[in-house]
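So that the names make sense, note that chain A is the first sequence line, chain B the second, and so on, each numbered from 1.
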2 protein chains.
Amino acid sequence: MKAHRWQNRMQCGGFRRTHPRELIMKILKETDKHPSAEDIYIQALNVNPSIGLTTVYRTLDLFVQIGAVQRFDFGDGKARYELTDNPPEKEHHHHLICMKCKSIVDYTDFMKEELELMKKTEDALSTQHQFKIVHHTVHFYGYCRKCISPE
Amino acid sequence: MKAHRWQNRMQCGGFRRTHPRELIMKILKETDKHPSAEDIYIQALNVNPSIGLTTVYRTLDLFVQIGAVQRFDFGDGKARYELTDNPPEKEHHHHLICMKCKSIVDYTDFMKEELELMKKTEDALSTQHQFKIVHHTVHFYGYCRKCISPE
DNA sequence: ATTGATAATGAAAATCATTTTCAATAAGTG
DNA sequence: CACTTATTGAAAATGATTTTCATTATCAAT
């Protein structure tokens, strides 16, 4: 199997290529959702019924550390994970969160303008606040079509 | 005592004006930090040693529901609370989060441009995704001056 | 002001996501 | 193949938040 970006990054870090790690990465690559650790665990059980939830947590932490995965907190008490959008598998996007049903929708509108502004802001923040920026998130909170009810 | 915005909002909702609620609102008004429920609880204990942590959680939930307070998840496992920035007590701002020491800094740079872009984006999202947007957050993650170490 | 209905409170127990511990297992190296 | 050590899975521990329930405080109506 051809070595992928994330595998190279792992090997540079001295990490081992294991079945659980391959499986979890596969699941992340194939989903277009925003799975929690448990969502991923349940998926993984279908392929490897002996995998442990602990391993899922640890593997996700590892992926986050090597920059292959991004972790999001949308405010519903559990972390959610997505492949980092720099590599081609996913384009840069942000999130719409329904405050009622907690559904999450990706959007990519105005990314050009947004990236411009973010670049400018990042520069300003780097100098004015002496912060080295690594990444940013934009979340829109509101109500999805299904949850907009005439009150 | 003069009734404030949040009190009116509470009364419209049929909620009671109680000592714990007044106290917690006072604490929120006086801080310029990003306190967690427990932070607020500890503050509150100085004034009212019999207040319960449970009440703090419930009160914060209530304030969030009536729109007086905004809840943030910066990814360190505990929610943080701030007065909503529409009223004059706080101006519209976003956050810089240090990924190492977890410190949080407010920033207000480029708010004019940001609000313009966000307005445009909100409009687009409202129509294209049929989402009714209530608010948005922008988080920048990186490393603060203290935590930038030559590695 | 007193009363009464009921919303709000506080303490303790329960829940839920996540982390830690530790003995057993599997990866990569020689 | 054998060895060193990272990784795993199960169970227990943790920590934030929520629920339960008996008691207390608020507010509206007397």
Walking DNA chain D from its 5' end, the first of A/Thr55 and B/Tyr57 to be reached, judged by nearest nucleotide, is A/Thr55
DNA chain D: A/Arg21 or B/Phe15, which has the more 5' nearest nucleotide?
A/Arg21
Gap between atoms [atom1] and [atom2], on [X] and [N] respectively (whole Å):
X	N	atom1	atom2	answer
B/Lys102	D/dA16	NZ	P	14 Å
B/Ile24	C/dA8	CD1	P	13 Å
A/Leu23	D/dT8	CG	C1'	14 Å
B/Asp61	D/dT17	CG	P	10 Å
A/Asp39	C/dA17	CG	P	10 Å
B/Ile66	C/dA8	CD1	P	11 Å
A/Leu62	C/dA27	CG	C1'	15 Å
B/Glu22	D/dA25	CD	P	16 Å

Can a salt bridge be assigned to the pair B/Lys26 and B/Glu22 using a cut-off of 4.0 Å between side-chain N and carboxylate O?
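Salt bridge flag = no for B/Glu22 with B/Lys26.
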Identify whether the distance between the nearest side-chain nitrogen and carboxylate oxygen of A/Glu113 and B/Lys120 falls below 4.0 Å.
yes
Side chain to side chain donor-acceptor pair (under 3.5 Å) assessment of A/Ser50 paired with A/Asn48:
CA-CA 5 Å; A/Ser50 75; A/Asn48 175 356; 3.0 Å; yes
Centroid-centroid distance, B/His92 to B/His136, less than 6.0 Å:
yes
Is the gap between the ring centers of A/His95 and A/Phe72 under 6.0 Å?
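Here the rings of A/Phe72 and A/His95 have centres that are less than 6.0 Å from each other.
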Selection from D/dT18, C/dA26, C/dT9 that lies nearest to any side-chain heavy atom of A/Arg16:
C/dA26
Selected nucleotide, minimal atom distance to A/Thr18 side chain, candidates C/dA27, D/dT8, D/dA16:
D/dT8
Is the shortest heavy-atom distance from the side chain of A/Glu114 to the side chain of B/Leu117 under 4.5 Å?
yes
Less than 4.5 Å apart, any side-chain heavy atom of A/Tyr81 and any of A/Asp39?
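No, side chains not in contact.
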Using the test side-chain contact (heavy atoms from CB on, under 4.5 Å), find all partners of [X] that sit at least two apart in sequence or belong to another chain.
X	result
B/Asp109	A/Leu125, A/Gln128, A/His129, B/Tyr107
B/Thr54	B/Arg58
B/Leu45	B/Tyr41, B/Ile51

Would you tabulate the pairs of protein nitrogen or oxygen atoms and nucleotide nitrogen or oxygen atoms of nucleotides 10-12 of chain D closer than 3.5 angstrom?
residue : atom : partner : partner atom : Å
D/dA11  : N6   : A/Thr54 : OG1          : 3.4

Just verifying a value: how many Å separate B/His19 NE2 and B/Ile24 CD1, rounded to the nearest 0.5 Å?
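Rounded to the nearest 0.5 Å, the NE2-CD1 separation comes out at 13.0 Å.
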Computed from five pairs at either end and rounded to 10 degrees, the angle between the axes of the helix from C/dA1-D/dT30 to C/dG30-D/dC1 is 40°
By a strict heavy-atom criterion of less than 4.0 Å, which residues belonging to residues 69-79 of chain B are in contact with DNA chain D?
B/Gly77, B/Lys78, B/Ala79
Hey, can you tell me if B/His139 and A/His139 have their rings parallel, tilted or perpendicular (30° and 60° cut-offs)?
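Taking A/His139 first and then B/His139, their aromatic rings sit tilted (interplane angle of 30° to 60°).
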Tell me whether the side-chain N/O atoms of A/Arg17 come closer than 4.0 Å to OP1 or OP2 in D/dA6.
no
C/dA27 phosphate, OP1 or OP2, under 4.0 Å from A/His19 side-chain N/O:
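Looking at the OP1 and OP2 atoms of C/dA27, one of them is under 4.0 Å from a side-chain N or O of A/His19.
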